[in-house]
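Note on naming: letters A, B, ... go to the chains in the order of the sequence lines (proteins, then strands), and numbering restarts at 1 for each one. The figures that follow rest on heavy atoms only: side chains count, while hydrogens, waters and symmetry mates do not. As the structure is a prediction and not an experimental result, all values here were calculated from the model.
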2 protein chains.
Amino acid sequence: MKKTAILVVEDDKAILTGLCDLLGCEGYEVFSAEDGIKGLEAYRNNRPDLILLDIMMPGKSGYDVLREIRKTDTQLPVLLLTAKGQEIDKVVGLELGADDYIVKPFGIKELLARIKAALRRSRPADAGKKETHIRFDDVVIDLKNYTCEKKGKKIQLSQKEIQLIDYLCNHKDEVIDRNTLLEEIWGVRYEGTTRTLDQHIAQLRKKIEDDPAHPKHLVTVHAVGYKFTVSPD
Amino acid sequence: MKKTAILVVEDDKAILTGLCDLLGCEGYEVFSAEDGIKGLEAYRNNRPDLILLDIMMPGKSGYDVLREIRKTDTQLPVLLLTAKGQEIDKVVGLELGADDYIVKPFGIKELLARIKAALRRSRPADAGKKETHIRFDDVVIDLKNYTCEKKGKKIQLSQKEIQLIDYLCNHKDEVIDRNTLLEEIWGVRYEGTTRTLDQHIAQLRKKIEDDPAHPKHLVTVHAVGYKFTVSPD
DNA sequence: CGGCCGTTTTCAACACCTTGAAAACGGGGA
DNA sequence: TCCCCGTTTTCAAGGTGTTGAAAACGGCCG
């Protein structure tokens, strides 16, 4: 899946690199610019999914940048950054269509939450592309509802289970090695044992295989990993 | 099709022009007025499909205008605008029949979404009418009257409870994560604990579930959120 | 004041995730 | 074929974070 891209426009280099590092660690693709002019340029070149925009910058202010952007793109989520005490001009912000504003200094969690919220609000527009169901045999997995149905019985799936089956189904008939799976689902920095993965595979098999001891779909590939397949071997 | 007409009544000229531009760009026909008196006049002359009405205005307040309008038109969607901090008088607003409140500063998307929602609600004639009741099992929820009936017994529902069940029912069988719910019902900038949400869910379950300890309709999805469903597991 | 509503806090219960140990399995070599 | 060794599965137990229930607080209004 393509990463969500965020453009950070901020003249204070310390803050800029801090933000970029943080967002990078969170799994976003990050572009940065140190002033308004470069910000616009970066926006045009990279077409990010969201912009973090400092208001007070030498040269072109955040307001100017936002105004430019809104001439052609009224949908893009833009979060304004403003220093504490520096009264944000809410009227201007509103007029220009900022989606939210964040007062420095801000907590990391708050920032991330607001970014997520803004992104979530901007999604429903282009949502609907993504497959929400997986079907095979007599099984229907509803990715949105965290449920699966088998022989007419509804079974709840947990977060990890959904992520796992989702990933494997999107790589149908490919063997995925354990490290890749751990990385994709648990995250790059995960330091757990492979037992965890096996356990979840076992859980999934119990829920969706006719005979969990002889899985037809969630197949073990000895010494490598697992693969999902719909056709029997 | 004739354009939808919106009347904006707002004494702050910057906001007024900002709103008019925005709504114009969105394809609405826009009328504007800078105070309550002119607002009523514009309403009578132009008969808009929806009104955005600032509450705090010199001379005739938004409440006064709304009261006047409601004497002759109980259907017209009216959205009240209020500045943050400025305590909104919900009871007065409700009595007068406001359709929604929007707290400044607000995001463009939020505003547009609420306008669309209000318009949708106001068009029972040509679109599939807005449901005023929700039914399932032996429960009937009356969204307009803030009551629900179960086994013939009428139970009062609070504002938040109605909003919650309304939102969830409109997203039947979808899992809504806690942040989304908090945002949709409490507002974008709500900073409360997530326990608050649970509490209201619990209240609702007590009122509409046969066995609140084992909910059939208001289902928890661990680590994600809640969903409303009518079909048994 | 007394009731209702929304919120917050606390604590207990629960589901999920993780881990270890042991058993079962599979592949390769003798 | 059988055995051996590394891999995978199972089982059971513990830890962690999430959710539920109860109680209490404050605001608002009658």
Side-chain angles (χ1 to χ4, degrees), chain A residues 109 146-148 155-165 175-179 181-182 185-187 189-209 211-227 233, chain B residues 85 87-95 101 146-148 154-165 175-179 181-182 184-187 189-209 211-227 233:
Chain A
K109 292 193 102 167
Y146 294 77
T147 58
C148 87
I155 306 169
Q156 287 278 345
L157 295 183
S158 76
Q159 181 108 294
K160 283 273 188 295
E161 285 161 1
I162 282 282
Q163 287 176 279
L164 243 187
I165 193 76
V175 180
I176 316 291
D177 73 76
R178 307 172 112 74
N179 285 331
L181 276 174
L182 282 170
I185 290 163
W186 275 263
R189 304 188 166 268
Y190 183 70
E191 303 275 341
T193 78
T194 169
R195 313 242 28 60
T196 301
L197 172 56
D198 303 339
Q199 194 57 248
H200 286 278
I201 292 284
Q203 290 298 336
L204 268 177
R205 293 214 257 238
K206 274 189 206 156
K207 293 186 177 176
I208 68 177
E209 294 280 1
D211 177 5
H214 304 95
K216 285 194 332 227
H217 304 293
L218 287 167
V219 183
T220 301
V221 180
H222 196 91
V224 186
Y226 297 97
K227 76 171 169 181
D233 289 339
Chain B
E87 244 334 286
I88 193 163
D89 190 333
K90 290 177 184 172
V91 173
V92 174
L94 269 180
E95 260 174 54
Y101 303 89
Y146 292 75
T147 57
C148 89
K154 270 228 168 81
I155 307 169
Q156 285 284 337
L157 295 183
S158 75
Q159 174 104 309
K160 281 276 187 291
E161 285 162 1
I162 283 283
Q163 285 176 278
L164 245 186
I165 193 75
V175 179
I176 316 292
D177 72 75
R178 307 171 99 79
N179 283 332
L181 276 174
L182 283 169
E184 290 285 340
I185 290 164
W186 276 264
R189 297 209 136 239
Y190 181 70
E191 303 275 346
T193 79
T194 169
R195 305 250 53 73
T196 300
L197 173 56
D198 303 341
Q199 192 56 249
H200 287 277
I201 291 283
Q203 291 297 335
L204 268 176
R205 292 214 259 237
K206 273 188 204 158
K207 294 184 177 177
I208 68 177
E209 293 280 0
D211 177 5
H214 304 95
K216 284 196 331 230
H217 304 293
L218 288 167
V219 183
T220 300
V221 179
H222 194 93
V224 185
Y226 296 97
K227 75 174 167 180
D233 288 340

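- Rounded to an integer number of Å, the gap from Ile185(A) CD1 to dC16(C) P is 17 Å.
- For the side-chain hydrogen bond (donor to acceptor under 3.5 Å, both in side chains) test, no residue two or more places apart in sequence or in another chain qualifies with Thr147(A).
- Each of Leu157(B) and Tyr190(A) has a nearest nucleotide on DNA chain C; the 5'-most of these lies closest to Leu157(B).
- To the nearest angstrom, P of dG6(C) lies 16 Å from CG of Leu181(B).
- To the nearest angstrom, C1' of dG20(D) lies 15 Å from CG of Leu204(B).
- Look at His200(A) and you'll find a side-chain N or O under 4.0 angstrom from OP1 or OP2 of dT18(C).
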Next on the checklist: I'd like to compare against my own output: the B/S/- annotation of nucleotides 1-13 of chain D with a strict under-4.0 Å heavy-atom distance to protein.
Outcome noted: ------SSBBBB-

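- Between Trp186(A) and dT18(C) there is a side-chain polar atom (N or O) within less than 4.0 angstrom of OP1 or OP2.
- Atom CD of Gln163(A) is separated from atom P of dC17(C) by 9 Å (rounded to the nearest Å).
- Remark: Ser158(B) is not in phosphate contact with dC5(C), judged by side-chain N or O atoms under 4.0 Å from OP1 or OP2.
- If you take OH of Tyr146(A) and C1' of dA15(C), they are 15 Å apart, rounded to a whole angstrom.
- The separation between Gln156(B) atom CD and dG6(C) atom C1' is 16 Å, rounded to whole Å.
- The shortest side-chain heavy-atom distance between Ile165(A) and Ile208(A) falls under the 4.5 Å cut-off.
- When rounded to the nearest whole Å, the span between CD1 of Ile162(B) and C1' of dC4(C) equals 16 Å.
- Taking the side chain to side chain contact (heavy atoms under 4.5 Å, CB included) definition, one finds that Asp177(A) meets it with Asn179(A), Thr180(A), Val224(A), sequence neighbours left out.
- Judged purely by atom type and a 3.5 angstrom limit, Glu209(B) uses its side chain to pair as donor or acceptor with the backbone of Lys216(B).
- Residues passing the side chain to side chain contact (heavy atoms under 4.5 Å, CB included) test with Gln203(A) are Glu161(A), Gln199(A), Lys206(A), sequence neighbours excluded.
- Here the P atom of nucleotide dT19(C) and the CG atom of Leu182(A) are 10 Å apart, to the nearest Å.
- Residues forming a side chain to side chain contact (heavy atoms under 4.5 Å, CB included) with Thr194(B) (at least two apart in sequence, or on another chain): Arg178(B), Asp198(B).
- With sequence neighbours excluded, the residues satisfying side chain to side chain contact (heavy atoms under 4.5 Å, CB included) with Thr196(A) are Trp186(A), Tyr190(A), Thr193(A), His200(A).
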